[in-house]
There are 2 protein chains.
Amino acid sequence: MVQAKPADRSGARSEAREETERLILDAAEKVFAERGFGGATMQAIAGASGLPKANLHYYFTSKETLYRRVVERIFTIWLDAAATFETSGTPEAALRRYITRKMALSRSHRYGSKVWANEVMQGAPIIQDYLETTLRDWTDTRIALIEGWIASGAIQPIEPRWLLYMIWATTQHYADFAHQIETLNQGTPLSDAQWDNATETVCTIILRGIGLDCARDSP
Amino acid sequence: MVQAKPADRSGARSEAREETERLILDAAEKVFAERGFGGATMQAIAGASGLPKANLHYYFTSKETLYRRVVERIFTIWLDAAATFETSGTPEAALRRYITRKMALSRSHRYGSKVWANEVMQGAPIIQDYLETTLRDWTDTRIALIEGWIASGAIQPIEPRWLLYMIWATTQHYADFAHQIETLNQGTPLSDAQWDNATETVCTIILRGIGLDCARDSP
DNA sequence: ACCAGAGCTGACCATTCAGTCAAGTTTGAT
DNA sequence: ATCAAACTTGACTGAATGGTCAGCTCTGGT
């Protein structure tokens with residue numbers, strides 16, 4: 001039987017292999033994002049990557065394997081962004097940094113965000129364990145952190161959990177609902193200036209909303 | 001050929017028909033929500049509604065027709081909620097009312113929200129015209145309204161468009177990402193108290209975030 | 001120059017899909 | 001009770017899907 005895991009004895013070979021895999025993963029990410037797992041077809045992914053369908057099965061044993069790899073890659077990127085919500089620094093710095101990073105991610109990884117959204121909407125059949133371990137742990141520590149801010153009087157008392165959801169929702173909305181946003185923007189993608197302005201607006205409302213930045217804006 | 005549009009000469013008949021249609025639409029909404037248009041199968045919808053597949057095609061000529069009806073029904077509900085963002089009243093009252101209504105909708109119509117999200121993520125193949133007409137008009141009038149609030153000094157100067165997106169994103173997140181939220185809530189749905197608390201928190205952050213409810217007021 | 005193994009692909013297969021249809025059953029007006 | 005129209009459904013069909021495979025080409029180490 002043909003194996004998809006050859007020894008990587010040759011540097012040039014394995015490099016070319018990685019490149020092809022990335023090509024397929026990129027195409028798959030886009031197709032899965034727009035049509036969901038069930039709606040996506042290997043033929044469509046093949047078309048988007050410019051490769052014959054049989055070639056996809058040479059690199060990825062099944063549609064589910066390919067989907068799994070796509071989702072895992074996205075989770076890695078999410079983790080990188082999550083790390084920017086540092087436990088040190090002022091509340092304002094931590095939140096501003098995290099929101100800004102997540103907004104940038106929504107612009108650069110629109111399809112990844114959509115795949116994640118699709119996966120969760122379907123009940124997270126693949127990533128359920130991530131949600132219960134990594135995501136839950138991350139969330140718990142940040143909630144504890146925010147509770148500390150509240151206890152010290154740095155920010156107003158609000159339920160930290162709903163604040164986090166608000167940040168996730170708002171930032172990811174710019175990726176998941178990009179089409180709607182573009183339609184309401186005369187059918188054109190947001191400009192650099194609009195992205196900056198949106199990011200700043202989100203930061204301002206969130207920060208002021210939890211009691212930071214309140215006295216500063218209106219002199 | 002069998003027609004799906006008989007004369008409604010009999011009251012009892014047409015009533016039963018409407019009931020069956022609603023049964024199918026409810027089942028279809030759930031399946032389309034969880035699997036998207038392409039991932040949903042008529043067989044699955046049949047199973048969810050407890051009817052044989054052939055019966056579905058008696059009431060709805062095609063899968064696309066059924067999907068269209070589901071989406072249209074959701075849009076109607078969205079319009080009802082949108083109407084609660086009244087152009088009269090104080091900013092606080094209008095926003096609070098609208099956010100509360102949208103949060104309630106996310107709880108009562110989880111699947112509808114997901115279908116809408118799926119549709120937009122796929123590039124709005126069915127509802128594109130709604131986005132360009134009804135939604136754009138609604139958005140424009142509310143933006144003008146909010147700009148008026150800013151001009152009069154009632155709220156702080158923020159870009160109204162991003163505020164609206166923030167409200168949509170946050171409220172709909174509770175429907176679209178319900179599974180993730182439940183997983184982070186020990187695998188149980190949010191309680192009445194949690195819904196109330198989340199709604200209140202969202203209102204508080206948004207209102208304070210735009211300069212209402214803040215300790216300092218404009219002169 | 002050689003050649004083993006990696007990479008590639010057209011043609012094929014079993015399964016599942018949306019949609020059809022003919023042969024039924026139920027219903028309500030008369 | 002009658003009957004025509006509305007409703008129901010198991011069995012079917014052509015098309016599309018995920019996946020396979022035999023046989024081809026290309027490549028790098030010798």
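Here is how names work: the chains are called A, B, and so on, in the same order as the sequence lines, proteins then strands, and each is numbered from 1.
Taking CG of A:Leu95 as the start and OG1 of A:Thr100 as the end, the distance is 10.0 Å to the nearest 0.5 Å.
Of the candidate nucleotides D:dC7, C:dA18, C:dG7, D:dC7 has the atom nearest to the side chain of B:Tyr59.
With no hydrogens or angles considered, a side-chain donor-acceptor pair links B:Thr65 and B:Ser62 at under 3.5 Å. One side chain, B:Tyr67 or B:Glu119, offers a donor N or O that lies under 3.5 Å from an acceptor on the other.
B:Thr20 comes within contact range of no nucleotide atom at all, as no heavy-atom separation falls under 4.0 Å. Using a 4.0 Å heavy-atom cutoff across all strands shown, A:Ala40 reaches sugar-phosphate atoms only and no base atom.
Separation of the A:Phe177 and B:Trp168 ring centroids does not fall under the 6.0 Å cut-off. Under the 6.0 Å cut-off for aromatic ring centres, A:Phe85 and A:Trp78 do not qualify, their centroids lying 6.0 Å or more apart.
Remark: C1' of D:dC26 and CZ of A:Arg17 are 15 Å apart, rounded to the nearest angstrom. In this structure, B:Met42 atom CE and C:dT20 atom C1' are separated by 12 Å, rounded to whole Å. Whole-Å rounding puts the A:Leu23 CG to C:dC8 C1' distance at 14 Å. Residue A:Phe60 contributes atom CZ, which lies 15 Å from atom P of D:dT20 at whole-angstrom precision. In this structure, the CD1 atom of B:Ile24 is 15 Å from the P atom of C:dA18, given to the nearest Å. Following rounding to the nearest Å, B:Ile45 (CD1) and C:dG19 (P) show an atom-to-atom distance of 10 Å. For B:Glu18 and D:dC7, the CD to P distance is 12 Å, given to the nearest whole Å. To the nearest angstrom, P of C:dG7 lies 13 Å from CD of A:Glu19.
Classified by interplanar angle (parallel below 30°, tilted 30° to 60°, perpendicular above 60°), the ring pair B:Tyr174/B:Trp195 is tilted.
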- Message: If you apply the rule side chain to side chain contact (heavy atoms under 4.5 Å, CB included), what do you find for A:Ile74 with A:Arg69, and how did you get there?
- Response: CA-CA 9 Å; A:Ile74 290 154; A:Arg69 284 283 302 275; over 6 Å; no
- Task: Please step through side chain to side chain donor-acceptor pair (under 3.5 Å) for the pair B:His179 and A:Gln122, ending with a clear verdict.
- Result: CA-CA 8 Å; B:His179 176 81; A:Gln122 281 168 36; over 6 Å; no
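Of the residues in residues 25-38 of chain A, none lies under 4.0 Å from DNA chain D by heavy-atom distance.
B:Lys102 places no side-chain N or O within donor-acceptor distance of the main-chain N or O of B:Thr170, the cut-off being under 3.5 Å.
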Atom pairs, N/O to N/O, protein against nucleotides 9-13 of chain D, distance under 3.5 Å?
unit_1, atom_1, unit_2, atom_2, d
D:dT9, OP2, B:Asn55, ND2, 3.3

